[in-house]
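Notes follow once the structure below has been shown.
For ligands, and for the atoms within them, numbers begin at 1 and follow the listed sequence. This structure is a prediction, so every number in the text was calculated from the model and none was measured.
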Amino acid sequence: MSAKNIPVGINGSSGKMGKMLRKAILQDGTFYLSAARNTNSDTTLQTLCKMAKIIFDFSSPKGTIALLEETTKHSTKVIIGTTGFNDKQMLYLKKMAKKNAILYAPNTTIGATALALASKAIEQILPSSFDTTILDIHHKDKKDAPSGTALMISQQISRTHDHTTIRAGKSIGEHQVMFFGEDEEITLSHKVTSRKPFALGAIKAAKWLLNKESGSLYSMQDVFL
Ligand SMILES: NC(=O)C1=CN([C@@H]2O[C@H](COP(=O)(O)OP(=O)(O)OC[C@H]3O[C@@H](n4cnc5c(N)ncnc54)[C@H](OP(=O)(O)O)[C@@H]3O)[C@@H](O)[C@H]2O)C=CC1
Ligand SMILES: O=C(O)C1=N[C@H](C(=O)O)C[C@H](O)C1
């Protein structure tokens, strides 16, 4: 199979990310869209999994879990961009990754991946007296809080820290990691001004996942490092 003949699917294809991904897949040219699904579409999960080698999932936690139940029957690989999973659902993702190659990326951008790594490096230098908070700003329709990215960064930081969330207006996505000392402050910040970086990162992740087998739940750090 040549690179340009790789069929991919989208779960959540009518959504904001689904639409951006459609465009990016066409422009990139490595893959072609063989099947797409939304909440009420006629395409069944079975058809989606049968027709695609890799599925991009930007849907909802319920949508992702239902998808994974089906992908294991077909060995379809999955890039999960969906966020908002509870602890039980996260355990399920990890369990499914042992059967199928799955990459979970609450933020597919290189910038957010770098922000998480930089936050880790900085917190290792600072004394514990620095108060630490992770801020995420997103549009008012976003369903989950804190964001998946904020929780991903949180896992990199060992010290106690707060989360601050703003859901307002049309913000596509901004994250700040702030360290407050006695008379000094550090702020690390990442902001996207369109959804294009998410789509490009997801495509990069899919190319990377093509040659990977099941095992652990992969992340964007595996792709970029
Ligand atoms: N990883 C990353 O970098 C990014 C992640 N995200 C995450 O991706 C997800 C989607 O975001 P966004 O596109 O903005 O959301 P939208 O609400 O715009 O789109 C959601 C899409 O998912 C579909 N959907 C919802 N539930 C199901 C289901 N059970 N089965 C199949 N399809 C379903 C919707 O279909 P319908 O309209 O028919 O209900 C719609 O097509 C969110 O969790 C968000 O946090 C967003 C941006 C970047
Ligand atoms: O829902 C969104 O829009 C976004 N969700 C992701 C998250 O929860 O971190 C990534 C991005 O910030 C946009």
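In this view, H74 satisfies the ring-ring contact (aromatic ring centres under 6.0 Å, His included) rule with no residue, not counting sequence neighbours.
Atom 3 (O) of ligand 1 lies below 4.0 Å from at least one non-hydrogen atom of the protein.
The pair R167-D136 meets the salt-bridge criterion, with a side-chain N (NZ, NE, NH1 or NH2) lying under 4.0 Å from an Asp/Glu carboxylate O. A salt bridge does not link D141 with K16: none of the charged nitrogens is closer than 4.0 Å to a carboxylate oxygen.
The number of heavy atoms from other shown groups lying within 6.0 Å of NZ (K207) is above 12.
Polar contact check, R37 against ligand 1: no nitrogen or oxygen pair lies under 3.5 Å apart. In terms of N/O distances under 3.5 Å, ligand 1 is not approached by R195. The shortest N or O to N or O distance between T39 and ligand 1 is below 3.5 Å. Where the criterion is an N or O separation shorter than 3.5 Å, residue side chain and backbone included, K16 meets it with respect to ligand 1.
In this structure, the ring of F198 has its center no less than 6.0 angstrom from the ring center of F58.
Protein heavy atom at the shortest distance from atom 26 (N) of ligand 1 is S60 OG, 3.0 Å. Among all protein heavy atoms, the one lying closest to atom 19 (O) of ligand 1 is G15 CA, 3.1 Å. Scanning the protein heavy atoms around atom 23 (C) of ligand 1, the nearest turns out to be G12 CA, 3.6 Å. Residue, atom and distance of the protein heavy atom nearest to atom 41 (O) of ligand 1 are S14 OG, 2.8 Å. The shortest contact between atom 46 (C) of ligand 1 and any protein heavy atom is with M17 CG, 3.6 Å.
Here the shortest heavy-atom distance to atom 9 (C) of ligand 1, taken over G84, P106, S59, belongs to S59. When the options Y104, F56, F58 are ranked by their closest heavy atom to atom 20 (C) of ligand 1, first place goes to F58. Distances from atom 45 (O) of ligand 1 to the heavy atoms of L48, V192, T83 put T83 nearest. Considering only non-hydrogen atoms, atom 1 (N) of ligand 1 lies nearest to A105 out of P197, G173, A105.
Looking only at distances, no side-chain donor or acceptor of N100 sits under 3.5 Å from a matching main-chain atom of I102. Counting only distance, with no hydrogens or angles, the side chain of R195 and the backbone of M20 share no donor-acceptor pair below 3.5 Å. Although no hydrogens or angles enter the test, the distance criterion places no donor-acceptor pair under 3.5 Å between the side chain of T43 and the main chain of L48. Panel note: side chain T108, backbone A105; no donor-acceptor pair is recorded below 3.5 Å. In this structure, the side chain of K77 engages the main chain of L210 through a donor-acceptor pair within 3.5 Å. Without hydrogens or angle criteria, E174 side chain to V192 main chain gives no donor-acceptor distance under 3.5 Å.
Side-chain atoms of P7 and Y32, non-hydrogen and from C-beta on, do get closer than 4.5 Å to each other. Contact annotation: the side chain of I6 never approaches that of I54 to less than 4.5 Å [non-hydrogen atoms, C-beta and beyond].
Interatomic distance, CG of L115 versus CD1 of I110, reported as 12.5 Å (0.5 Å rounding). The CG atom of D144 lies 12.0 Å from the CG atom of N86; values are rounded to the nearest 0.5 Å.
In the vicinity of K142, heavy-atom distances shorter than 4.0 Å reach the ligand 1 atoms 45 (O). Here is the list of ligand 1 atoms found below 4.0 Å of a heavy atom in N11: 31 (C). Interface atoms of ligand 1 facing T82, defined by a heavy-atom separation under 4.0 Å, are 8 (O), 43 (O). Close approach of ligand 1 to G81 is summarised as follows: ligand atoms under 4.0 Å from at least one heavy atom of the residue are 1 (N), 2 (C), 4 (C), 5 (C), 6 (N), 7 (C), 8 (O). Atoms of ligand 1 found under 4.0 Å from any heavy atom of G63 (numbered from 1 in listed order, with element): 28 (C), 29 (N), 30 (N). Atom numbering of ligand 1 starts at 1 in the shown order; those under 4.0 Å from a heavy atom of N38 are 31 (C), 32 (N), 35 (O), 38 (O), 41 (O).
Among the candidates D162, T187, T164, the single residue satisfying the side chain to side chain donor-acceptor pair (under 3.5 Å) test with T133 is T164.
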Identify all pairs of nitrogen or oxygen atoms, one from ligand 2 and one from the protein, separated by less than 3.5 Å, and list them with distances.
residue	atom	partner	partner atom	Å
ligand 2	1 (O)	K142	NZ	2.9
ligand 2	3 (O)	H139	NE2	3.4
ligand 2	5 (N)	K142	NZ	3.1
ligand 2	8 (O)	T83	OG1	3.4
ligand 2	8 (O)	K142	NZ	2.7
ligand 2	8 (O)	G148	N	2.8
ligand 2	9 (O)	G148	N	3.3
ligand 2	9 (O)	T149	N	2.8
ligand 2	9 (O)	T149	OG1	2.4
ligand 2	12 (O)	H138	NE2	2.5

